A.B. asks: 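Got a structure for you, questions after.
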2 protein chains.
Amino acid sequence: MATIKDVARLANVSVSTVSRAINHSGYVAKDVYDRVLAAMRELNYQPNAVARGLVSRKTGSIGLIIPDVANPFFSDIARGVEDEAIANGYTVILCNTDWNLQREQMYVRLMQGKWVEGIVLVGSRTPEQELAALLNGLPIVLADRKPNLLKSAVWSDNEVGAYLATQHLMDVGCRKIAHIAGPEDSPSATARRMGFRRAIEEQVGVYGTIAQGNFRFDGGYDAAMKLFTADDPPEGIFAANDMMAVAVIQAANRLGIRIPRDVRLVGYDNISMSEYVYPSITTVEQRGYDMGREASKLLLALLEQRMDAVLTKELEPTLLIRQSTQTENA
Amino acid sequence: MATIKDVARLANVSVSTVSRAINHSGYVAKDVYDRVLAAMRELNYQPNAVARGLVSRKTGSIGLIIPDVANPFFSDIARGVEDEAIANGYTVILCNTDWNLQREQMYVRLMQGKWVEGIVLVGSRTPEQELAALLNGLPIVLADRKPNLLKSAVWSDNEVGAYLATQHLMDVGCRKIAHIAGPEDSPSATARRMGFRRAIEEQVGVYGTIAQGNFRFDGGYDAAMKLFTADDPPEGIFAANDMMAVAVIQAANRLGIRIPRDVRLVGYDNISMSEYVYPSITTVEQRGYDMGREASKLLLALLEQRMDAVLTKELEPTLLIRQSTQTENA
DNA sequence: TTGTACGCGTTATCAC
DNA sequence: GTGATAACGCGTACAA
């Protein structure tokens, strides 16, 4: 690949002139400018971002550390992050952690070494103190996690979303409601569990129970099986995410239990699948794409020192009512 | 952040010694090594990959140019690419093109500037000549596309996969078979269309028709609606991908047509959704994760000049039979 | 076994 | 307006 020197030689000027021409910084005569441009074109010159980064200390890239891009909720976020980044001239480095704390740390260090200008950290479970220590001042925006110590984040209120979901099950007449929870160490799962509890406790005459899941299909399936075969099966199930809600449907099919007739079901996330399964799943919309987009926007604002920028953004969870909670005669 | 100079000063040695210690290149006395290590630790030193890249001309990153990470098939590929890359010390830059040729070009140039060591290009529709010209020698591996001019690629034979799918529909007794095709400018879609045609033409007494889709839900839905409301509706439908197959199910539900009783359905890709919808969809497995993984592995082999490495890999498509083609009395 | 000096491609600060 | 020149942080001949 051609360097700035090659261009300078061909255009018969010094490298500094070429640099000025490229960056529109400082003076450069019209005819000289044209000559430089022609040379650039002829050599198919592309400025070297690495060398640029070294001197300017700006690499034009940000790190995206995410549990798993293959997970539909996260891949929406990833897309949002990249869209906003590229629109502002930034490039995104993708890192998958599988929620593994070691990998998360490894990636943070790696990103430091690569001189990313900032990080969007999605769905992290690392304690914020540790994070802050690790970061060493590197700008970061948390996504899908409500911050305590850290100042910038985009999240939606899982507690409220879960409350809405549970409330809706009560509205359609459920008295015995089960929650299939997410992993214990997940802040989102914890918040949803709390929202569920609050809804249950606010309403007299409604009974709640919690079955442990893991946000994955298998965990949801096992939990649903246990619930359905218990002495006193629930009339409504609130699954902590759509993936597990889909599993509930499969378990119900297996046992000949019909949804929503025999049991009503609510999920969480609104992954596209939830709309297309049968019955379609009533769920709490998370707007992953927007979350990613906002996180990215926020990080860029941070980088460009626009201190007027808001540092946190809470997205409203909204309930989407579909077939899985339809009442016969409504 | 601390630099190599800081470490050198603290350890009372020269920068070159520190460099040698870090990279285990050249001689360095045991006690000196320990001193350097201690200094590194104390300063929380992290080698600067940018500076390193400048001198070594190796950035340790590869570009992943992909139509859309939010699309489940591609997000699987992305995950595979990243897994293999990070396992070998490489980092992945994510680029979404939405199949837009301009964006693809833009990203290729951007990646050149960033000095990525190579590119995994997924599902591209740019003519290979143009690509080769654009690349200017930058190593590349095509994924999900059979190469002509370019030497390295990972793909699965879509023609064969489509043939299998169509054959299966005939096996379960369909005589009038419709294919909902993908976009005309997609090589995969074209290959699938050809496989469909071949299967139909090889069998006397079987009638085929093609409806235009676009690989998206909406296109599949519209096409299915047209097929179902035509004078002579099909007995079997082969949708060019699972997303459109899901749409076919929705359209059928809407019209009170039952699958597989009234019409049998086969999809393509085996995205996770296809297993969880009702009825579950018979489909052709693509193994996106493996494809990504292989593509990455191949690119790295290329970069490391392991010329013994195979340059192309064709993955066998396999048929997964599920409910959507179940015969009543089988 | 260790240190000096140069270069990687670019930008910024100066003289001219 | 333009051109040397010194950084940026690191790897590596080469000399010591």
Side-chain angles (χ1 to χ4, degrees), chain A residues 1-37 39-40 43-61 89 109-117 136 138, chain B residues 1-37 39-40 43-61 89 109-117 136 138:
Chain A
M1 280 208 28
T3 77
I4 199 172
K5 281 183 192 165
D6 301 320
V7 177
R9 200 172 312 134
L10 187 62
N12 241 306
V13 293
S14 71
V15 288
S16 10
T17 304
V18 177
S19 176
R20 259 178 269 126
I22 295 172
N23 303 299
H24 303 288
S25 64
Y27 298 101
V28 42
K30 180 82 177 70
D31 57 327
V32 176
Y33 180 82
D34 291 340
R35 255 190 4 249
V36 170
L37 220 70
M40 282 176 51
L43 295 174
N44 203 318
Y45 170 72
Q46 184 78 11
N48 183 324
V50 178
R52 262 187 178 171
L54 189 56
V55 34
S56 70
R57 312 181 77 85
K58 286 190 202 307
T59 54
S61 51
R109 292 196 65 93
L110 193 59
M111 292 301 103
Q112 311 234 55
K114 294 247 169 185
W115 268 17
V116 297
E117 298 186 35
N136 203 225
L138 183 67
Chain B
M1 281 207 28
T3 77
I4 200 173
K5 279 185 195 164
D6 301 321
V7 177
R9 200 172 313 135
L10 188 61
N12 242 309
V13 292
S14 72
V15 288
S16 39
T17 304
V18 177
S19 176
R20 260 177 270 126
I22 294 172
N23 303 301
H24 304 286
S25 64
Y27 299 102
V28 42
K30 179 80 177 73
D31 58 325
V32 176
Y33 181 80
D34 292 341
R35 257 194 357 253
V36 170
L37 220 70
M40 282 177 49
L43 294 174
N44 202 317
Y45 171 72
Q46 182 80 10
N48 183 326
V50 177
R52 257 187 182 172
L54 190 57
V55 35
S56 69
R57 313 180 76 86
K58 286 191 202 304
T59 54
S61 52
R109 291 197 64 92
L110 194 58
M111 292 301 103
Q112 312 233 53
K114 294 246 169 183
W115 268 16
V116 297
E117 297 186 36
N136 203 224
L138 184 66

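This is a predicted model, so every value here is computed, not measured. Every chain is numbered from 1 and lettered A, B, ... according to where its sequence line falls, protein lines coming before strand lines.
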A.B. asks: What is the separation between atom NZ on B/K58 and atom C1' on D/dT12, rounded to the nearest whole Å?
C.D. replies: 15 Å
A.B. asks: With rounding to the nearest 0.5 Å, note down the distance linking CD in B/Q46 to CE in B/M1.
C.D. replies: 5.5 Å
A.B. asks: Rounding to an integer number of Å, can you tell me how far B/L43 CG sits from D/dG9 P?
C.D. replies: 14 Å
A.B. asks: Whole-Å distance between C/dG7 P and A/I4 CD1?
C.D. replies: 18 Å
A.B. asks: By nearest atom, which of the nucleotides C/dG9, C/dT11, D/dC10 is closest to the B/N48 side chain?
C.D. replies: D/dC10
A.B. asks: When you measure from the side chain of B/K114 to the backbone of B/T59, do you find a donor-acceptor pair of N or O atoms at a distance under 3.5 Å?
C.D. replies: no
A.B. asks: Using whole Å, what does the distance between atom C1' of nucleotide C/dT10 and atom CZ of A/R52 come to?
C.D. replies: 8 Å
A.B. asks: Nearest 0.5 Å please: distance from the CD atom of A/Q112 over to the CG atom of B/N44.
C.D. replies: 7.5 Å
A.B. asks: Starting at CZ of A/R35, measure out to CG of A/L10 and round the result to the nearest 0.5 Å.
C.D. replies: 10.0 Å
A.B. asks: Quickly work out the A/K114 NZ to D/dG9 C1' distance and round it to whole Å.
C.D. replies: 15 Å
A.B. asks: Could you list, one pair per line, each protein nitrogen or oxygen that sits under 3.5 Å from a nitrogen or oxygen of nucleotides 1-4 of chain D, together with the distance?
C.D. replies:
from, atom 1, to, atom 2, distance (Å)
D/dT2, OP2, A/A29, N, 2.6
D/dG3, OP2, A/S14, N, 3.1
D/dG3, OP2, A/S14, OG, 3.3
D/dG3, OP2, A/T17, OG1, 2.5
D/dG3, N7, A/R20, NH2, 2.5
D/dG3, O6, A/R20, NH2, 3.4
D/dA4, N7, A/S16, OG, 3.2
D/dA4, N6, A/S16, OG, 3.0

A.B. asks: Rounded to the Å, how far apart are A/D6 CG and C/dG9 C1'?
C.D. replies: 11 Å
A.B. asks: To the nearest 0.5 Å, tell me how far B/L54 CG sits from B/W115 CH2.
C.D. replies: 6.0 Å
A.B. asks: For a quick check under 3.5 Å, do A/S16 and A/S19 share a side-chain donor-acceptor pair by atom type?
C.D. replies: no
A.B. asks: Name the residue from B/V18, B/V15, B/L43 that meets the side chain to side chain contact (heavy atoms under 4.5 Å, CB included) definition with B/D6.
C.D. replies: B/L43
A.B. asks: How long is the line joining CG of A/L54 and P of D/dA6, in whole Å?
C.D. replies: 17 Å
A.B. asks: Using only atom types and a distance under 3.5 Å, with no angle test, would you say the side chain of A/S56 pairs donor to acceptor with the backbone of A/R52?
C.D. replies: yes
A.B. asks: Quick check for you: to the nearest 0.5 Å, what is the distance between A/I22 atom CD1 and A/Y33 atom OH?
C.D. replies: 9.5 Å
A.B. asks: Without decimals, in angstroms, what is the distance between B/K5 NZ and C/dA5 P?
C.D. replies: 13 Å
A.B. asks: From D/dG11, C/dT11, D/dG9, pick the nucleotide closest to the side chain of A/R57?
C.D. replies: D/dG9
A.B. asks: Can you give me the bend angle of the helix from C/dT1-D/dA16 to C/dC16-D/dG1? Use the axis through the first five pairs and the one through the last five, nearest 10 degrees.
C.D. replies: 50°
A.B. asks: Among C/dT11, D/dC10, C/dT10, which nucleotide has an atom closest to any side-chain atom of A/N23?
C.D. replies: C/dT11
